Amino acid sequence: MKKFELLAASAIALIAATPVAAQTTPPAPAASAPQSTEDTQIGDIVITAQRQSESLQNVPIAVSAFSAEALKEQQINTTSDLQLTLPNITFTKSNFTSSSSFNIRGIGDLCVGVTCDAATGVHVNDVPVLGSPIFQNEYFDVERVEVLRGPQGTLFGRNATGGVINFITAKPDLSGFGASGDVEYGNYNSIRVKGMINVPLGDVLGVRVAGYYLKRDGYTKNLFTNSQIDGRDQFDIRGSIRFQPTANTTIDIVGHWFKESDDRSRVQKQLCHRDPTGVLGCLPDRLATEQLNGDATLASVLTSREFINVALGALAPTFRPLALGSVYGTDGDVYSGFTNPSDLRTVNIDSLPRFKTQEKQVLVNISQDFGQLNLKIDGGYTEGNTDSTVDYNVGVERTLVNNAGLVALAATAAAPGAAFPGGINPFTQLAATLIPNGAAGPFCQSQAEFTRTGVYGGHKVCDSRTSLDFDRSTARGKQWFAEGIVSTKFDGPVNFLLGAGYLDYKVYDNEYFVNSFALDYAAGLLGAASALGTRAAGGTIPNVYRASPFYDNDSRYYHLKSYGLFGEVYGEFSNKVKLTLGLRYNHDSKFYSARTILFNDSNGNGILVPYGSSDITQAINYSTVDFDTSLAGNQPYANNSVSFGRLTGRAVLDWKITDRNLVYASYSRGYKSGGINPPLSPVFAVPSTFGPESVNAFEIGSKNTFLNGTLRLNLTGFYYQYKQLQLSRIVARTSVNDNVDADIYGAEAEAIIKPSSSVLANLSFSYLHTKVVTDKLLGNTQDPSGGRADAVIIKDITNASNCAVGANNGSAALSNGYVAAVNAGIGLAAPVAIPGTGTTGAFSVCSALQATAAAPPAALVAALGLPVGTTSIPVTVYMSGVPVNIRGNELPQSPHYKFSAGIQWTGKFGDGWSVTPRIDLAYTGGYYGSIFNKTVNRIQGYEVMNAQIQVNGPNERFYIRGFIQNLTNNNAITGLYVTDQSSGLFTNAFTLEPRRYGVAAGFKF
């Protein structure tokens, strides 16, 4: 009850904060105070947060709104800029294409995957847009931006549990011709050009065309090429038509085309405290600018002598000399000797980033006023695609020139066919494909492409003597949306709003690839082993390789169909008190066709493709390939369908104490549908689907204008009960999702102060508390031991995942002795201490450890000193690591405190000239980047300062501006992404943009 008591106390405080002497209308100005004019009052802004045009101060919702002028004054050009000034909101880039995390009151995009719904609904002109690159775009010719905090499912399209961002573009002005332009030049050779032209075509039709172009050098220095990366080259052009045949009819049609083609990098910097054992790759105690231990990566494991010994059995003696290294020592650590630059804006990479995206969109808004009824129709079509590549490990592997395994391959490939079973040398084509120039290189490796044949199908790059480790993320999609709303304006005390909407959203070829020479090499070796084994048994088989020769999370097709029916009733008890009751029913149907490929199908059966094949479907055993083990027969993809339906709503009671003072209390129920996890091998025991989340949100607030319109103060307190909050984790290089319950509460304050016509200041403050409130046991991928000293962390040499072996009686001697004994039998080393964990680790085989513990040989029982006749070893093999309870932990991206302040002064001179300097400060408190809340996940608080000065000509027809953003050049980290165990558990870090400064000049008329 403490949270409810907090809300009640806050409500009393809010009411008390409203002075009883406040007057309905402003007092008449004194003769000596000519500043009590409209020029000295804070201007109002009209918003559509309740799907009707209303003053911001009259809307009983926690909403922040920025006019075009405010965006410019506060140097808000992107969403990253926008979030700095908003209470209880954070934003950070994320790891995948078109993926960013916008967090409102502790609720962000914690769910990662194609079938996840965004917690924050993004709308353009009241139309929801899904999968849009809008967060990568720049703001231009915007009428306003509205940010609604809290569940908004009743009125705004599909349910959004976090909140809604609504971008309202500027529409044609039928009253006269207008134009504006702005040219900016800054450091990093940044050139930004914006322009607009407005042309009325008679009294009822108008056209408006606007656009921008941005080109700049990169923010990050790449030592490998001695050049800058992460630059921008993008543009957007928007055309708008307004048809207004009568005062009661308005039709707006808006279309835009956005395109970007540059070297934007999804990953800025990779952090790691190197694990010298290679069992983890990166230690879980802290972050450092060190490089991961390559021994921990799947590419190194699958090309190691130890893997060959264990996996290839009788063929091991033939293949062992071909191994690229060992998992022990630095022999297999491909990053030994590499130094990760300590500067967060400096990298050393040999795979350069590439980023391409575009979006085309047409939106229609129709408003017809019938007097006491108003009909509003919104809809549109959007299509787009994105394709990006980055260096996966943000580093340069050591040279492969004259690697002992490659030297041996070249020699073995030259042997006559008669030396091998079946009279065919299985290595000749392998060597010709990967090392056509011999062991001295350069070498060939796969491109990330859709036939899944890679280098073996001719899709290759052959210009490097090191392995190029990179990923590629692609997607293309399209959506249709239509919504109709009828609202009333009756003279009586009751009015209502009714609406219905339908969304159809499709995503094609949403793929995530990871490429490496060593993966290509492993695909060839395993294929050669299959051919050699078949021929040795008397069978016939061509030379083959395993496909795909790179990791491919292949989401072929996703289809969402969603409809909603909603309505609200507004009852006025008096001209001061109003009750709003709303309901919404939303139904979502999702279909998802996907598979994850690397050498094998979901059953672990190798996909054997003959050399020279043009597609993976030409595998000799493709008819037996199965990617859905839950169904009988052979499935080329795992196809899943789910449907969800929920009734949600809200109730709001608002009391307009005076014309300038409003208090309200509300309850709303939000909902976000569940989804489908990507298919994985059954060994990882991941559920195929995840459930919907819901929230009960309680809020109180007060909106006030004081001191004759020169002070605006809005206050909010809230408490959320979250059920089944969707939460992502990484398993086998793939994001999967779980559900947890959480409680959230906090408070927010926003103020604007205008003590005179020349001074304007804005302030905001927020407090946020989040906590997981139910027991939830999860394995922490960064520390599979779960903090237990007796748990031996295992790096599985068959798939590079981690498991843990713990003694049932807590005896570290037993668990370590058991692992050492099993490893001795398969030629692997005993456990060794892992620094920073308080426990030990070893390379081994998790399934073998589990099976042996269940049915131990007598010799092992005796060796461990257990009683004769012991039928099972008293240890537990935790396949996903020792589970830890996250109850009581904070939600990621949820700072306890945020603060922002800005002030500007306008000095007016003769002949209409003026000058306006402005400075802004924003502070975001510390928070965690992971639900496990460990020190390694902690993100420190940071501040950002911006300043500018603008000189305006007469009537503000033209201006010149000097600006600086991030004045202190703060490189603070804003987000963290921990990768998979088979990649070495490195952490991708995302930071603020660096200090930027420049000058701009513009005009408007």
Side-chain angles (χ1 to χ4, degrees), residues 2-18 45 47 49-50 54-66 82-83 85-90 103-107 120 146-152 154-156 160-166 578 580 650-657 660-670 695-706 711-722 743-753 762-770 894-901 924-925:
K2 290 183 178 180
K3 283 80 173 183
F4 290 104
E5 292 168 2
L6 171 67
L7 286 174
S10 299
I12 296 172
L14 292 178
I15 295 174
T18 306
I45 184 169
I47 62 173
Q50 296 190 119
E54 301 171 280
S55 166
L56 172 69
Q57 292 302 99
N58 291 333
V59 176
I61 295 174
V63 55
S64 301
F66 296 82
L82 178 68
Q83 60 93 18
T85 63
L86 293 169
N88 276 331
I89 290 179
T90 62
N103 186 295
I104 300 179
R105 293 178 173 175
I107 303 304
T120 301
E146 302 174 9
V147 183
L148 289 68
R149 301 186 294 278
Q152 306 294 329
T154 304
L155 295 178
F156 267 91
T161 50
V164 167
I165 308 175
N166 195 14
K578 183 174 72 172
T580 299
R650 70 167 181 153
V652 185
L653 181 65
D654 62 90
W655 174 27
K656 203 167 186 180
I657 301 174
R660 294 190 172 189
N661 303 99
L662 173 77
V663 295
Y664 66 90
S666 70
Y667 163 77
S668 61
R669 182 168 179 81
V695 57
N696 293 313
F698 304 87
E699 182 174 308
I700 56 171
S702 176
K703 296 191 172 185
N704 307 280
T705 302
F706 299 127
L711 169 62
R712 179 171 295 165
L713 177 63
N714 296 342
L715 304 171
T716 310
F718 58 90
Y719 169 55
Y720 291 174
Q721 294 175 324
Y722 251 94
D743 281 0
I744 301 171
Y745 60 86
E748 300 157 349
E750 295 179 280
I752 301 175
I753 307 168
N762 59 275
L763 299 164
S764 73
F765 174 81
S766 62
Y767 169 76
L768 181 66
H769 177 90
T770 67
S894 302
H896 285 295
Y897 301 100
K898 277 196 72 179
F899 169 80
S900 71
T924 300

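These numbers were taken from a predicted model, which means no experiment stands behind them.
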Please find the pair of heavy atoms, one from [X] and one from [Y], that lie closest to each other, and give the distance.
X    : Y    : answer
N88  : K898 : N-CD, 4.0 Å
I104 : G150 : CG2-N, 4.3 Å
S666 : V652 : CB-CG2, 3.7 Å
R669 : N696 : NH1-OD1, 2.7 Å
A665 : I700 : CB-CG2, 4.0 Å

Gap separating the [atom1] atom of [X] from the [atom2] atom of [Y], nearest 0.5 angstrom:
X    : Y    : atom1 : atom2 : result
E699 : Y664 : CD    : OH    : 4.0 Å
I752 : L711 : CD1   : CG    : 9.5 Å
T161 : Y722 : OG1   : OH    : 3.5 Å
N661 : K656 : CG    : NZ    : 10.0 Å
I657 : N704 : CD1   : CG    : 7.5 Å
I89  : T120 : CD1   : OG1   : 7.5 Å

With side chain to side chain contact (heavy atoms under 4.5 Å, CB included) as the test, would you mind laying out the steps for L86 and S764 before giving the verdict? CA-CA 7 Å; L86 293 169; S764 73; over 6 Å; no
Checking side chain to side chain contact (heavy atoms under 4.5 Å, CB included) for the pair T580/R650: CA distance, chi angles, key distance, verdict? CA-CA 8 Å; T580 299; R650 70 167 181 153; 3.9 Å; yes
Regarding Q57 and N714, is there a side-chain donor-to-acceptor distance under 3.5 Å anywhere?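 There is such a pair between these side chains.
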How far apart are the C-alpha atoms of L82 and V147, what are their side-chain angles, what is the distance that settles it, and do they pass the side chain to side chain contact (heavy atoms under 4.5 Å, CB included) test? CA-CA 10 Å; L82 178 68; V147 183; 4.1 Å; yes
Geometric cation-pi criterion R105 and F718, 6.0 Å radius, 45° cone: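 Flagged: R105 positioned over aromatic ring of F718.
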Are the side chain of [X] and the backbone of [Y] linked by a donor-acceptor contact shorter than 3.5 Å?
X    : Y    : result
H896 : L768 : yes
S766 : P87  : no
K703 : I61  : yes

Verify whether the ring centers belonging to Y897 and Y767 lie closer than 6.0 Å.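 Yes - the distance between ring centres of Y897 and Y767 falls below the 6.0 Å cut-off.
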Are S64 and R149 packed together at the side-chain level, in the sense that at least one heavy-atom pair is separated by less than 4.5 angstrom?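 Yes, at least one pair of side-chain atoms sits under 4.5 Å.
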Side-chain contact test, heavy atoms from C-beta onward, threshold under 4.5 Å: evaluate it for F66 versus I45 and give yes or no.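 Not in contact.
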